[in-house]
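Data block below; observations after.
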Number of protein chains: 2
Amino acid sequence: MKLKDKQTEDKIFEAATEVFLEKGMDGARMQEIADKAGINKALLHYYYRTKDRLFDAVFALIANQMFKKLTPVFDEKLTLEEKIRLFFKEHIAFLKKNPRLPIFILNEINRNPERIKRIINSLNVKNMWLIVEKQHKDELEKYNITQENIPQLITSIAALSIFPFVAKPIISAILGEIGADYNDYINQRGDFAADFTIRAIRK
Amino acid sequence: MKLKDKQTEDKIFEAATEVFLEKGMDGARMQEIADKAGINKALLHYYYRTKDRLFDAVFALIANQMFKKLTPVFDEKLTLEEKIRLFFKEHIAFLKKNPRLPIFILNEINRNPERIKRIINSLNVKNMWLIVEKQHKDELEKYNITQENIPQLITSIAALSIFPFVAKPIISAILGEIGADYNDYINQRGDFAADFTIRAIRK
DNA sequence: GTCTATAGAAGGATAGAC
DNA sequence: GTCTATCCTTCTATAGAC
């Protein structure tokens, strides 16, 4: 593959990422992607054959990014509390830069659940899970958490981090009504969520 | 308006609600709505003129239902803790019956934020807010909550309740990997989230 | 009010020249 | 590899008969 090929393919991929993130699979138009990439529709099909394949490629990368972004936290040698603080800090910083990612992923996996199953299989999530479980097995006694409600805890942490971004239009509108500001709200979110979670699990 | 008119209009509205909930605005097809209502496409336009107006009607009702479902909690004469427990119980029961509502609303408001602004204006959210604030003003001293981070608390409660439903395909897939079951997880959700929240705000 | 038929436009995809 | 031209299907929306 020549250099120029890669450039065009990348331009298409980037343009497609932008358009799919903004409009979703159903709302996205091949014409708009072509325009944004500075090429014509035929070339999209030359590289990716169909809209569906192009979408698959974009979605797989984005979903992987989302998960990969979290794995460094698992590897750190930190206490559970430190890990929780680090997670909220890093994750919210990431979402501030990519605010449309979560609603995009959540919407598309609800429209087509098969997509996320493939990715979770390829990531070997079970292994990640076992590692985390093992890392903090001893520590759990110190907290008000049992082995079996770890999923409740993990999803709660994810919820506290992600929800402010997926519900931005509602939160923003309500805050506006009471004279508050969404950006201030988001800037305080990491600390609040970390304190909230740690208080919740302490004995 | 005759009885038969109302029947047809209702049939259309119900069919449209089903299809829009399942496919979203962009993915929905007028033909599918007509088929589900047992009539033809022309009649859809006779009653609602355009797809956009039909969607607006459906969306407005659903979004109002979602908010209205919450207001009874505000009126109850309960302590903050009791109210939190009641909220999770009722809200999660509601979402179990209507699991597609939250992802639908969240997706559509992100694609078109103006829609939710209109509804929040019409509901007089500011007034609801002031009432809740007033109701528990004295109680706040007993908790680790200040006047100014009430929005953080409210959105956290909403997050803990809603996220398990919008992320169902991910949660379900991961739970499957570790030999757990999504329905069990959801059945335990209300109690876990209530305990979690109350522990988090206690001094 | 309800139907059939169809207009009119847009979208995904391909053929074929260069 | 890239373009123009175009096919074919699908979709929203309307016209007009009953």
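The figures that follow rest on heavy atoms only: side chains count, while hydrogens, waters and symmetry mates do not. Throughout, a chain's letter reflects where its sequence line sits, starting with A, and its residues are numbered from 1.
Look at A:N40 and you won't find any side-chain N or O under 4.0 angstrom from OP1 or OP2 of D:dT2. Within the 4.0 Å cut-off from OP1 or OP2 of D:dA13, at least one side-chain nitrogen or oxygen of B:H45 is found. Applying the 4.0 Å criterion to OP1 and OP2 of C:dT14, one finds that A:Y46 has every side-chain N and O outside that range. The phosphate of C:dT2 (OP1 or OP2) has a side-chain N or O of B:T8 nearer than 4.0 angstrom.
Side-chain atoms of A:Y185 and A:S172 include no donor-acceptor pair closer than 3.5 Å.
Open room surrounds NZ on A:K168; 12 or fewer heavy atoms of other groups in view lie less than 6.0 Å from it. With a 6.0 Å radius and a threshold of 12 heavy atoms from other residues, nucleotides or ligands, A:Q147 has its CD atom above the threshold.
Each of B:A42 and A:R29 was matched to the nucleotide of DNA chain C holding its nearest heavy atom; the match closer to the 5' end belongs to B:A42.
Between B:F104 and B:F20, the ring center distance fails the sub-6.0 Å criterion.
The interatomic distance linking A:L44 (CG) with D:dG1 (P) rounds to 15 Å, in whole Å. Atom CG in B:D10 sits about 13 Å away from atom P in C:dG1, given to the nearest Å.
Not a single donor-acceptor contact under 3.5 angstrom links the side-chain atoms of A:K41 to the base of C:dG11.
Heavy atoms of B:I39 sit under 4.0 angstrom from primed sugar atoms or phosphate atoms, though from no base atom. As judged by a 4.0 angstrom heavy-atom cut-off over every strand, A:A28 is placed among residues touching the sugar-phosphate backbone only.
Nearest nucleotide to the side chain of B:L43, out of D:dA13, C:dG12, C:dG1: C:dG1.
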